[in-house]
Amino acid sequence: MSTTTIYNFAPGPAVLPKEVLQQAAAEMLDWHGSGMSVMEMSHRGPEFTSIITTALADFRELLAVPDNYKVLFLQGGGLGENAIVPMNLMGRKPQPATADFVHTGSWTAKSIKEAQKYGKVNIAASGEATGYTTVPARDSWKLTPDAAYVHLCTNETIDGIEYQFTPDVAQETGGAPIVADMSSHILSRVIDVSKYGVIFGGAQKNIGPAGLTLVIVRDDLLGHALPCCPSAFNWTIVAENDSMYNTPPTYAIYIAGLVFQWIKRQGGVAALEQKNIAKAALLYDYLDSTDFYANRVEKSSRSRMNVPFFLKNESLNAEFLAQAKASGLLQLKGHKSVGGMRASIYNAMPIEGVQALISFMQAFASKHA
Ligand code: PMP
């Protein structure tokens, strides 16, 4: 086996804390003397009940989720929520209702397309004119009075754009709730949950394996599902059944629970946020210091989680990726819609990984200068 240290920069499914994987491996065949793997347990038995109850409590504690919010464990991923959100919220207003979207890039584009099947969509602001390199300024948003909700993607994983502010939309919309797709930065920074109506995200970046979807929903937003909404995706029914209306993704929830405990051992979300700020600053400072590479995102909108960058000489892309891989730096290829490179530096990426990437980039640049 190679002795090269591996750093995995994948956008998701993504790197998980090694300690978590080691614990899961040790418990794989026999969870806590139960004689069963977590994958083999009834989701209603006492063993799994203790796993999901602890995971939920730890998650609530990590994000300080207020008591008037439910935390739901679902399936369907971020893209599933693009339909599940309008099916649960469009019914808040007389039909056809309107949802406002702030279009910041690849993932909001998909959300907009899906929501149009369930109601009217108003693009309140769009980053298209700038090539999705910035979050449109709050004072440019043209919101709908009486909107059913306002949808934001607070971290655009592909474009590398992140909200560095929490908008307030209540006044112009008659109190519409903000729905935030936090798939790719949840638990990476401290947030005030009370500023949002709904927060959702697929697990496969900062939480655990793909297959688990988290939804945080304010109590007063339940009870409005459209008749077309499948029961398994009706937040009210899922909440009434403590996320056990249908069989939840049990193994993914178990791993997520181990990740939540790992985050607590790191000092919680606030401590991880400081580390994430330091990691991102290191990489952006290097990118800004050289002409060999470039990041095109407006500084005030740069993501701490996903850092897309381009080689000035794009004919070197394949060589860059091959040599990075040989040096233990994996999955740096940018999304096909954007090209170039992308380093995803989620919670589980240690600062040493970012340092190793920068050293490699420096060496590659001097070789090709
Ligand atoms: N939203 C965001 C911000 C994402 O990053 C992703 C996945 N990369 C999705 C939605 C889609 O998630 P899924 O593949 O779980 O449906």
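In listed order, ligands and their atoms are each counted from 1. Along the sequence shown, residues are numbered consecutively beginning with 1.
For Lys93 and Asp146, the salt-bridge test passes: some basic side-chain N is under 4.0 Å from an acidic carboxylate O. The pair Arg138-Glu172 meets the salt-bridge criterion, with a side-chain N (NZ, NE, NH1 or NH2) lying under 4.0 Å from an Asp/Glu carboxylate O.
Of all protein heavy atoms, the one lying nearest to atom 1 (N) of ligand 1 is Asp181 OD2, 2.6 Å. In terms of protein heavy-atom proximity, atom 12 (O) of ligand 1 is nearest to Gly78 N, 3.4 Å. Among protein heavy atoms, the minimum distance from atom 5 (O) of ligand 1 is reached at Thr157 OG1, 2.4 Å. In terms of protein heavy-atom proximity, atom 8 (N) of ligand 1 is nearest to Lys205 NZ, 2.9 Å. In terms of protein heavy atoms, atom 16 (O) of ligand 1 is closest to Leu79 N, 2.8 Å. The protein non-hydrogen atom at the shortest distance from atom 11 (C) of ligand 1 is Trp107 CZ3, 3.5 Å.
Using bins of under 30°, 30° to 60° and over 60° for the plane-to-plane angle, the ring pair Phe320/Phe360 lands in the perpendicular bin. Below 30°, between 30° and 60°, or above 60°: for Trp141 and Phe165 the angle between ring planes is between 30° and 60°, a tilted geometry.
No hydrogens or angles considered: a donor-acceptor pair under 3.5 Å links the side chains of Glu162 and His185. Side-chain atoms of Asn82 and Ser111 form a donor-acceptor pair, as typed in the model, at a separation below 3.5 Å.
The hydrophobic clustering, which links ILVMFWY residues whose side-chain heavy atoms are closer than 4.5 Å, places Val338 and Tyr284 apart.
Heavy atoms of Gly202 come nearer than 4.0 angstrom to ligand 1 in no pair at all. Within the 4.0 Å heavy-atom shell around ligand 1 one finds Asn155.
Those atoms of ligand 1 that come under 4.0 Å of a heavy atom in Ser183, given as number and element, are 1 (N), 2 (C), 3 (C), 4 (C), 10 (C). For ligand 1, the atoms lying closer than 4.0 Å to a non-hydrogen atom of Gly77 are 15 (O), 16 (O).
The cationic group of Arg92 does not satisfy the cation-pi geometry with Tyr149, failing either the under 6.0 Å distance to the six-membered ring centre or the 45° limit from the ring axis.
Aromatic rings of Phe48 and His43 (six-membered ring for Trp) have centroids beyond the 6.0 Å cut-off, not under it.
At a heavy-atom cutoff of 4.0 Å, ligand 1 is contacted by the side chain of Cys153 but not by its backbone. Residue contacts with ligand 1, taken as heavy atom pairs separated by less than 4.0 Å, involve Gln204 solely via side-chain atoms from C-beta onward.
For a threshold of 3.5 Å applied to N or O pairs, the pair formed by Gly80 and ligand 1 contains no separation below that value.
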